[in-house]
Engineer: 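Quick one: this structure, given as structure tokens, is what I'll be asking you about.
Lettering follows sequence order; numbering is per chain, from 1. Computed from heavy atoms alone, side chains included, the values below leave out hydrogens, waters and symmetry copies. It should be emphasised that the depicted structure is a prediction, and the values quoted were computed from it without experimental measurement.
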Number of protein chains: 2
Amino acid sequence: MNKRGILLVISGPSGVGKGTVINKLFDIDDNLYFSVSATTRSPRPGEVDGVHYSFKTREEFERDIENGEMLEYAEFGGNYYGTPKSAVEKKLAQGKDVVLDIEIQGARNVKRLMPEAVTVYILPPDMTELKNRLVGRKTEDESAIKVRIETAYKELREAPKLYDFFVVNDTVDSAAAKIENILEAKRCGKTAMETALKQILEEVDSLA
Amino acid sequence: MNKRGILLVISGPSGVGKGTVINKLFDIDDNLYFSVSATTRSPRPGEVDGVHYSFKTREEFERDIENGEMLEYAEFGGNYYGTPKSAVEKKLAQGKDVVLDIEIQGARNVKRLMPEAVTVYILPPDMTELKNRLVGRKTEDESAIKVRIETAYKELREAPKLYDFFVVNDTVDSAAAKIENILEAKRCGKTAMETALKQILEEVDSLA
């Protein structure tokens, strides 16, 4: 029985520790494929093309948009970020579960195009800790920190309307285990079980 | 944070081993409450009032229907069967997850009244085995067996449209573990996380 894979969208406010939770999830689940985002921004030191991002020129990215090759995309700070569609489609068809690490605007677009996508929003254990973490980032100046905090607050206000599941990142292990539970549950969902159901119905018809 | 409990509806065709799976589920999950159905049929040997069923007279049952005290009910073979609402509501409010072992018609009614109910349909590993099990029941005459088989086939044809999740009973342990996964996932769902989300938003407001 070849099941279609699950499209899992994971979002969370800046500073919530989403990357660490996703890494842990990949440790405990062998059936996952991480969708590498495309972007037009320049690589930061240590970032590898095809691993952290697929780096593209503005011309390449806009051509991909025109050709309908982006599942979702958005522009932030003058750069495009988006999810190339073909790799996602191919892996889902192979039965792999595909993880998208995207922000709230992208999640909204994915859900519109693929309503069967499973969307998870990672929450901080409490807001004071999240704020401290955002303030504590020494890599940015004060105004950038202020924007980051305000964006996080705005996102947290919108998330309850948009996402299917909410996982508190109290510990990385428990947050990853909860997302794994959500995946396991969805593997029993109507979409994933379509082939199994079809087979049962054919057996019923042949017996009846 | 007081979470509202999850209403879990479990159905499956006659002979699929639903009772054994539900017993196993209660072994591995401490937060469950089993909703005892009410019925007007007579107790069979060994059946205990309030444990296997809540046995009622026809007059009592019909009064409960009139007073809106049944979450769902149906008539089979001249007897009423149904789910008393007050106990279910009370346990959900206490944060207990409530398990209803009801057939497809009841599941449809529950889903209509409480769309947030989680519905699970248990499937046999294959249909030949299910048929053999139904034929093998020596307690009934041939025509009763025929009715039972036809009901099972009819149910299996309708179930894919109605239920949220499908669990194959290949082994009792794995089937119960899958239902437990579904419960764990739903504990991260929007309804169950309502209080946690409200709290986060209050914290955001006080910080912003």
Engineer: Start with the C-alpha distance between A/Asp64 and A/Lys85, add both sets of side-chain angles, then the distance that settles salt bridge (Lys or Arg N to Asp or Glu O under 4.0 Å), and finish with yes or no.
Structural biologist: CA-CA 10 Å; A/Asp64 286 352; A/Lys85 188 152 64 182; over 6 Å; no
Engineer: Between B/Gly189, B/Ala159, B/Ala177, B/Ala152, which shows the greatest number of heavy-atom pairs under 4.5 Å with chain A?
Structural biologist: B/Gly189
Engineer: Going by atom types alone, do B/Ser143 and B/Asp141 pair a side-chain donor with an acceptor below 3.5 Å?
Structural biologist: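 The answer is yes; a qualifying pair exists.
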Engineer: Hey, is A/Lys146 close enough to A/Glu142 for a salt bridge, meaning N to O under 4.0 Å?
Structural biologist: no
Engineer: Please name the residue in the list B/Asn169, B/Asn23, B/Asp101 that meets the side chain to side chain donor-acceptor pair (under 3.5 Å) test with B/Lys18.
Structural biologist: B/Asp101
Engineer: Taking B/Ile200, B/Val167, B/Leu183, B/Thr128 one by one, which has the highest count of heavy-atom pairs under 4.5 Å against chain A?
Structural biologist: B/Ile200
Engineer: A/Leu201 versus chain B, heavy atoms under 4.5 Å apart: side chain, backbone, both or neither?
Structural biologist: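 Side chain of A/Leu201 only, per the 4.5 Å heavy-atom cut-off to chain B.
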Engineer: Under a 4.5 Å heavy-atom cut-off, does chain B meet the side chain of A/Lys131, its backbone, both or neither?
Structural biologist: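 Only the side chain of A/Lys131 comes within 4.5 Å of chain B.
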Engineer: Given a strict heavy-atom distance threshold of 4.5 Å, which part of A/Tyr121 is in contact with chain B: side chain, backbone, both, or neither?
Structural biologist: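 Nothing of A/Tyr121, per the 4.5 Å heavy-atom cut-off to chain B.
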Engineer: Tell me, for A/Lys161 versus chain B, whether the close heavy atoms (under 4.5 Å) come from the side chain, the backbone, both or neither.
Structural biologist: backbone
Engineer: Side chain to side chain donor-acceptor pair (under 3.5 Å) between A/Glu103 and A/Ser11: does it pass, once the steps are laid out?
Structural biologist: CA-CA 5 Å; A/Glu103 42 60 69; A/Ser11 307; over 6 Å; no
Engineer: For B/Leu71 and B/Leu100, what are the C-alpha separation, side-chain angles and deciding distance, and is it a side-chain contact (heavy atoms from CB on, under 4.5 Å)?
Structural biologist: CA-CA 11 Å; B/Leu71 183 58; B/Leu100 303 187; 4.1 Å; yes
Engineer: Name the member of B/Asp126, B/Ile182, B/Leu156, B/Leu207 that forms the most heavy-atom pairs with chain A at distances under 4.5 Å.
Structural biologist: B/Leu207
